[in-house]
Amino acid sequence: MADIIGRDVRRWHRAWTDDLGERGAYACIQTLRRVVNYGCELRDRDAIELATVLTKTTFRQLRARKLRPSHEMIVALRAAAHDAGRPSIALAVTLQFELGLRQKDVIGEWDRPDAEARARIAGAITDGAWVWDWGLVWNHIEGTILRKPTSKSNGNEVAEHDLSHYPELLGELPPRGVGPLVIDERSGLPWRRSHFSRTFREIARASGWPDGIWNMDSRAGAVSEAFQAGAAPADVMRTATHTQMSTTMLYNRGSVVQSGRVAELRTARRKAKPGS
């Protein structure tokens, strides 16, 4: 670390951008920052100096994504998933689109905790040294009410939904069981993220989705559709379990419909004014 200067980090960022794209390069920089911050916690002098360098080394902001799936695209993807014998993909994407949940909060993630952390996880789903966490389980649903602590807030925020308002989602839910809701049909275990992503893309292509629309955009589709329907911004923010409206607006990708509605309201007001 003592030999790394800002110019080196910028060179790495350019190489990562060429190989992995903007978002991949951003993820690499964030990983580098976390590693260096860990060194700072250990009071490593080189890490502390490099952390200062990183705070002064700026990179171009990620461009906000503009694409998101429509309800019609979700319906088409569900049909393709069932045709492929993958109802779990249909269920996962429907949960994200209807409830605005993150992929991680639906399918969970596999991690390899150390022995001490592993011993503290009672009754966890395991596969060798891997432990599954954060995904939806049947215990999150009581009657028709779903309450799910979110991974983004480390469980401090809870997504709450009455599933009786979502008939399409209810149609995808399997019979009540125990454990995870979304299971890989082949392994009988919760999905691995990389395998889920590859399988999702195959099904998305078969249903006509362009490659530029990702599974993570389903959450933006939920927020955008809510705004297009005229939902109150505060209600949309709470549904998405955001703590700031600015975050919610980043997921709002239906600006044409909404600006059109504003224009209609302004025109109607002008017509209603005396002398107009």
Side-chain angles (χ1 to χ4, degrees), residues 67-110 125 132-151 158-210 213-226 228-229 231 236 239-241 251:
L67 300 176
R68 48 96 180 185
S70 64
H71 173 252
E72 292 75 17
M73 294 173 68
I74 296 294
V75 171
L77 185 136
R78 283 204 301 260
H82 283 286
D83 289 343
R86 289 295 197 176
S88 64
I89 297 287
L91 174 59
V93 175
T94 302
L95 283 163
Q96 292 175 243
F97 184 79
E98 296 285 21
L99 307 184
L101 296 174
R102 298 175 181 86
Q103 176 181 297
K104 182 177 176 179
D105 288 318
V106 172
I107 69 170
E109 71 172 359
W110 290 91
I125 295 173
W132 181 80
D133 198 7
W134 284 118
L136 266 173
V137 297
W138 284 105
N139 284 347
H140 290 138
I141 302 176
E142 296 183 13
T144 63
I145 304 301
L146 180 148
R147 293 185 176 90
K148 171 66 171 67
T150 65
S151 57
V158 178
E160 297 182 285
H161 301 274
D162 185 346
L163 301 185
S164 66
H165 298 304
Y166 303 94
E168 294 183 25
L169 174 54
L170 291 176
E172 293 295 334
L173 281 177
R176 177 87 189 192
V178 295
L181 264 73
V182 183
I183 296 290
D184 180 350
E185 291 85 359
R186 306 292 192 266
S187 69
L189 293 170
W191 283 90
R192 303 278 180 166
R193 183 176 62 180
S194 58
H195 186 207
F196 180 90
S197 297
R198 291 193 299 271
T199 308
F200 164 83
R201 180 48 55 193
E202 292 173 1
I203 293 172
R205 286 172 178 160
S207 68
W209 282 36
I213 298 182
W214 307 340
N215 183 45
M216 63 175 281
D217 295 325
S218 298
R219 180 167 160 84
V223 170
S224 301
E225 187 182 57
Q228 287 180 338
V236 179
T239 298
T241 63
Y251 284 83

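Note that the structure is a prediction, hence the values are computed from the model and not measured.
- A distance of 6.5 Å separates CG in Leu101 from CG in Leu95, rounded to the nearest 0.5 Å.
- Taking 4.5 Å as the limit, every side-chain heavy atom of Leu67 sits out of range of all side-chain heavy atoms of Trp214.
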Pair Glu160-Lys148, salt bridge (charged side-chain N to carboxylate O under 4.0 Å, His left out): steps then yes or no: CA-CA 7 Å; Glu160 297 182 285; Lys148 171 66 171 67; over 6 Å; no
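- Among all heavy-atom pairs drawn from Ile141 and Gly143, the shortest one is CG2-O, 3.5 Å.
- Side-chain contact between Asn215 and Ser197 is absent, with no heavy atoms from C-beta onward closer than 4.5 Å.
- Taking 4.5 Å as the limit, every side-chain heavy atom of Lys104 sits out of range of all side-chain heavy atoms of Arg193.
- Using a distance-only test at 3.5 Å, with no hydrogens or angles considered, no donor-acceptor pair links the side chain of Trp132 to the main chain of Trp191.
- For Leu173, the side-chain contact (heavy atoms from CB on, under 4.5 Å) partners two or more places apart in sequence, or in a different chain, are Leu91, Trp138, Leu163, Leu170, Leu181.
- Arg147 places none of its side-chain heavy atoms less than 4.5 Å from the side chain of His140.
- Separation of atoms CD1 (Ile107) and NE2 (His195) is listed at 11.0 Å; rounding is to 0.5 Å.
- Inter-residue side-chain proximity for Trp110 and Asp133 is flagged as unmet; no heavy-atom pair is nearer than 4.5 Å.
- One N or O on the side chain of Arg219 and one on the backbone of Ala240 form a donor-acceptor pair closer than 3.5 Å.
- Side-chain contact annotation: His161 with Glu98, donor-acceptor N/O pair under 3.5 Å absent.
- Minimum heavy-atom separation, Val182 to Ser88: CG1-O, 3.7 Å.
- Residues Val223 and Thr239 fail the side-chain proximity criterion, which asks for heavy atoms closer than 4.5 Å.
- Take Thr150 and apply the side-chain contact (heavy atoms from CB on, under 4.5 Å) test, not counting sequence neighbours, and it matches Arg102, Asp105, Ser153, Glu157, Ala159, Thr241.
- A distance of 9.5 Å separates CD of Gln228 from OG of Ser70, quoted to the nearest 0.5 Å.
- Remark: Ala204 pairs with Leu77, Phe200, Arg201, Trp209 by the side-chain contact (heavy atoms from CB on, under 4.5 Å) rule, at least two apart or across chains.
- No donor-acceptor pair under 3.5 Å is formed between the side chain of His165 and the backbone N or O of Asp162.
- Ion pair Arg192/Glu109 not flagged as a salt bridge, since none of the NZ, NE, NH1 or NH2 atoms sits closer than 4.0 Å to an Asp/Glu carboxylate oxygen.
- One distance of note links CZ of Phe196 with CZ of Arg86; it measures 10.0 Å at 0.5 Å rounding.
- Across all their heavy atoms, Pro190 and Ile183 have their closest contact at N-CD1, 3.9 Å.
- Between Arg186 and Gly85, the shortest heavy-atom contact is NH1-O, 3.9 Å.
- The CD atom of Glu185 sits 9.0 Å away from the OG1 atom of Thr199 when rounded to the nearest 0.5 Å.
- The two residues Pro69 and Ser218 make their nearest non-hydrogen contact at CG-CA, 3.8 Å.
- In the model, His82 has a side-chain atom that pairs as donor or acceptor with a side-chain atom of Glu172 under 3.5 Å.
- For the residue pair Arg68 and Ile213, the shortest heavy atom distance occurs at O-CD1, 3.9 Å.
- Here CZ of Phe97 is found 4.0 Å from CD of Glu225. Values are rounded to the nearest 0.5 Å.
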